Amino acid sequence: MTALSPATPSDTLLRAQAITFRRQGLTILDAVDLALSREEIVTLIGPNGAGKSTLLKIALGLQKPDTGEVWRAPDIRIGYVPQKLNINPAMPLTVRRFITLSAAASTREVESVLAATGVSFLIDASVHTLSGGEWQRVLLSRALLHKPALLFLDEPAQGLDVSGQNAIYALIRRIRDTTGCGILLASHDLHLVMASSNRVLCLNHHVCCTGHPEEIRHDPAYQSLFGGINLQQLAFYQHHHDHEHPLCEHEHHHSPSRSAHP
Amino acid sequence: MNLIETLQTPFVWHALLGGLAIALVTGPLGVFIVWRRMAYFGDTLAHSGLLGVCVGFLLGLSPTLGVLIVCLALAALLAFLQSRERLAADTLLGLLAHTALALGLVALTFLETLRFDLAAFLFGDLLAIDNLDLLWVWGGGGIALVVLIAIWKPLLAATVDEALARAEGVPTARIQTIFTLLVATVIACTIKIVGVLLITALLIIPAAAAQRLARSPEQMAVRASVIGIVALFGGMAASLILDTPAAASVVTCATLLFALSRIIPTRR
């Protein structure tokens with residue numbers, strides 16, 4: 001099974017072929033293929049421990065695969081939102097300082113990326129006081145400051161409630177639409193991911209199935225991997241409105257689109 | 001001899017000049033040791049000091065150069081073992097620290113011609129700094145400070161989050177190797193003055209005291225140096241007036257400043 005993009009080669013930003021990765025006798029990744037083009041969101045879904053973060057790190061170049069090859073378009077800027085950050089509380093650090101740690105940026109640029117993720121008011125806040133949702137937005141701002149052509153997001157909506165997750169995924173779609181970057185995303189928030197992705201890669205150490213969210217929902221491999229998930233619920237989320245209603249999320253729980261799906 | 005006359009004697013001036021160099025470099029270096037949770041790493045390098053003196057003597061080099069060679073070798077060995085052995089970092093550091101100290105003590109008994117004041121080496125001899133010591137501490141400390149300032153930004157990025165910095169193109173492996181070399185250099189150049197058992201204190205206590213008073217990484221580094229200088233002058237004064245050991249008095253004074261930093265209210 002191949003995940004190579006149908007897009008023209010000049011649009012391809014990332015291609016990984018036959019990636020295998022073993023640690024301590026366990027096969028974390030087995031012959032995984034992956035490709036990503038401009039203006040595309042490819043999402044890695046799979047249960048915890050399926051190898052999503054490892055594949056992301058290999059694609060990013062943070063880890064070397066045992067076998068297989070990774071190709072990234074030359075001289076492109078990369079943005080990364082890691083799954084976990086462990087900042088020593090002994091370091092006094094404001095948000096402004098945090099997002100410019102490895103970038104030279106003017107105050108105007110800093111203000112603009114914080115505004116893009118809706119957290120302008122945090123610019124002079126200490127990073128040690130941020131909530132989970134604020135952290136995810138600040139991390140996205142830092143990634144955006146690098147004007148990435150390729151954006152790697154590892155569980156960008158972790159620890160958020162449903163409305164917070166909706167808002168983050170809407171933001172990610174908007175980033176793709178306004179900057180045209182390619183986004184590789186790892187997640188286990190099935191419902192929201194399905195609505196946001198151009199392509200889904202269902203991973204459980206190997207690629208179980210891949211394709212458009214519509215197609216893979218009916219793939220037997222997908223259904224066996226996520227058999228316990230309520231497909232009704234999935235259908236609802238898939239047609240979730242594309243605009244943000246952070247304060248009136250409950251009003252959309254009677255979404256009429258549910259009947260359109262079996 | 002009254003205090004004014006005492007202050008005019010060369011050994012006091014040497015102590016103040018040497019101490020000033022140490023405080024200037026251990027402030028910024030120490031904040032990184034605190035942020036990177038490397039206190040025990042510094043302690044491990046310091047414990048190898050005695051072995052370094054013996055190696056320097058055997059090779060016909062100055063003691064400080066011997067300490068520098070052993071510190072660098074130990075840092076390299078540690079990096080190698082960490083990549084191979086499945087041992088917790090603190091276990092590995094404890095193993096190397098005490099092995100190095102024991103080897104130093106064993107080696108010392110075989111070097112009968114080496115005249116050596118063990119107590120001074122363990123606890124420092126701030127009031128016996130000669131011109132050569134001053135050269136080492138200002139030369140080595142000065143170079144270390146210049147290099148640290150040069151790599152400040154990438155080192156800070158790598159310290160906040162290594163993977164994120166690397167993904168954003170910071171050459172973190174190279175930067176962190178340079179930092180390890182700096183720690184080894186500063187410890188080697190200051191160990192004779194401050195002592196094996198007290199050098200780590202000067203790296204971490206002023207930094208810890210500066211933390212609550214600072215609002216940016218740079219502010220914390222500068223204030224750590226200032227606190228180090230105050231501790232140095234206070235400790236020296238106490239040593240001269242009360243006739244207490246100089247380096248130990250400086251560390252005690254630094255600890256008092258740390259306690260003070262916890263008590264005084266901040267604007268936040």
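No experiment lies behind these values; they were computed from the predicted model shown. Any value given below was found using the heavy atoms of this structure, including those in side chains, with hydrogens, waters and symmetry copies removed. Proteins get letters first, then strands, A, B, ... in listed order; numbering begins at 1 in each.
- You'll find the side chain of A:Leu60 stays beyond 4.5 Å of the side chain of B:Arg166, heavy atoms only.
- Contact detail for B:Met220 and A:Pro92: the closest heavy-atom pair is SD-CD, 3.4 Å.
- B:Leu164 contributes atom CG, which lies 4.0 Å from atom CZ of A:Arg142 (distance to the nearest 0.5 angstrom).
- For A:Pro89, the parts lying near chain B are the backbone and the side chain together; criterion is any non-hydrogen pair under 4.5 Å.
- Chosen from A:Leu93, A:Leu85, A:Ile87, the residue pairing most often with chain B at heavy-atom distances under 4.5 Å is A:Leu85.
- The CG atom of A:Asn86 lies 13.0 Å from the CD atom of B:Glu162; values are rounded to the nearest 0.5 Å.
- Contact of B:Pro217 with chain A is made through backbone and side chain together, with heavy-atom distances under 4.5 Å.
- By the 6.0 Å contact criterion, CZ on A:Arg108 is open, its count of non-hydrogen atoms from other residues, nucleotides or ligands being 12 or less.
- Panel note: side chain A:Asn88, backbone B:Arg37; no donor-acceptor pair is recorded below 3.5 Å.
- Listed by sequence position, A:Thr94, A:Arg97, A:Phe98, A:Thr100, A:Leu101, A:Ser102, A:Ala103, A:Ala104 are the residues of residues 94-106 of chain A in contact with chain B, using a 4.5 angstrom heavy-atom cutoff.
- B:Val170 touches chain A through its side chain: at least one heavy atom from C-beta onward sits under 4.5 Å away, while N, CA, C and O do not.
- When B:Val34, B:Thr159, B:Leu156 are compared by the number of non-hydrogen pairs under 4.5 Å with chain A, B:Leu156 comes out ahead.
- The shortest heavy-atom contact between A:Tyr80 and B:Ala167 is CD2-CB, 3.5 Å.
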